[in-house]
Amino acid sequence: ERAPAIVLIPGAVEGGTDDPRVVRTARALARAERAVFVVDLELAQRRFVEEDIDRIVRAARALGSHPLMNGSVSVLGFSFGGSFGLIAAADPRLDGRLEDVAVFGAYFDLVGMIQAVTTGVSLVDGRRIPWKPHPLAAEILEDVALRLVPAEGRDALAAALGGSLPPDGLPPPLRSVYELLRNEDPGRTFELAARLPGEARATLERFSPASVAEDITAPVIAMHSVDDPAVPYGEALRLVQGLPGTSLTSVSLFRHVDFEPRSVGDWTRATGDLWSAWRFTGRVLAAQE
């Protein structure tokens with residue numbers, strides 16, 4: 001039957017469209033009488049490629065004009081996939097075509113992500129927000145950073161980051177990346193990022209919703225865990241600051257995007273988080289009614 005459409009965007013998970021959480025979410029939305037299209041992205045392999053943004057845009061456009069679609073198209077993205085969804089929403093090809101963009105655990109500015117991972121603090125409008133990252137966060141960041149530099153310099157930068165090569169031996173472009181990743185002062189992060197080679201700066205901007213915020217016209221609905229170990233809560237606050245009018249729901253018992261109460265005390269507080277998650281989902285569905 002004809003139904004409103006939702007473009008579902010997974011995060012950087014190895015299973016991609018086959019991740020069990022993605023499959024369960026898609027099926028649940030389909031039971032709510034929505035047509036769900038899950039986008040297959042290279043993000044699943046932790047690769048940041050512009051083709052992924054284009055895939056999201058083309059999926060939303062195609063669904064919007066499909067003869068079996070009824071009503072509007074919404075975008076629902078998880079983790080980094082939510083950030084990619086925000087970037088896609090700014091594409092002029094989607095002007096007036098989206099009902100809303102809903103994100104759970106998304107980042108707003110990649111430089112802000114670097115700030116939190118390297119220093120354990122998000123600085124948002126002068127406010128210090130401490131963050132305890134997942135042990136793998138720094139490893140993932142370095143993996144992404146190595147992809148930002150020319151292939152011929154990756155081995156040297158990896159050696160310097162690993163401690164087997166003195167950073168003084170790096171050429172200036174690679175040294176600037178090293179200094180950013182080893183910086184421990186959150187107040188210097190954006191200054192150091194501005195010294196990166198032009199191509200690296202362009203990549204950080206291209207994959208940061210903050211850089212296209214003024215072009216996002218669809219309403220934004222966000223949910224974020226205050227103790228998210230993968231994407232700092234400070235990024236949710238940046239999102240609200242950068243996109244006034246954003247509806248933010250804060251939860252506390254989710255580990256990134258997974259509901260994980262760990263004690264009897266947690267279960268006594270679970271009702272509030274589950275109700276918040278239900279309201280978040282309700283807003284996504286209600287927008288299409």
If we ignore hydrogens and angles and just use 3.5 Å, is the side chain of [X] paired with the main-chain N or O of [Y] as donor and acceptor?
X    : Y    : answer
W131 : D228 : yes
T281 : A277 : yes
R238 : V124 : no
D52  : E42  : yes
R34  : A32  : yes
R195 : S176 : no
Q115 : P186 : yes
S208 : L110 : yes
S211 : F207 : no
N70  : P4   : no

Looking only at heavy atoms, what is the nearest atom pair of [X] and [Y], with distance?
X    : Y    : result
L94  : A88  : CD1-O, 3.5 Å
T249 : S276 : CG2-CB, 3.6 Å
R127 : L237 : NH1-CD1, 3.7 Å
A106 : S83  : CB-OG, 3.5 Å
A145 : L181 : CB-CD1, 3.7 Å
V13  : A44  : O-CB, 3.2 Å

State whether [X] and [Y] are salt-bridged, where the test is any N-O pair (Lys NZ or Arg NE/NH1/NH2 against Asp/Glu carboxylate O) under 4.0 Å.
X    : Y    : answer
R93  : D54  : yes
R201 : E205 : no
E142 : R182 : yes

Taking atom [atom1] of [X] as the centre, does the number of heavy atoms from other residues, nucleotides or ligands within less than 6.0 Å exceed 12?
X    : atom1 : result
R27  : CZ    : no
E191 : CD    : yes
R128 : CZ    : no
Q241 : CD    : yes
R46  : CZ    : no
D155 : CG    : no
Q45  : CD    : yes

Side chains of [X] and [Y]: donor-acceptor distance under 3.5 Å anywhere?
X    : Y    : value
S74  : D100 : yes
S72  : R97  : no
S250 : Y233 : yes

State, yes or no, whether a side-chain contact exists between [X] and [Y] at a heavy-atom distance under 4.5 Å.
X    : Y    : answer
V103 : H224 : no
M223 : L248 : no
R175 : P167 : yes
L243 : I216 : yes
T118 : L180 : no
V177 : L170 : no
S122 : P232 : yes
P10  : V38  : yes

ask   = Parallel under 30°, tilted from 30 to 60°, perpendicular over 60°: which one fits the rings of F48 and F80?
value =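 Rings of F48 and F80: perpendicular, over 60°.
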
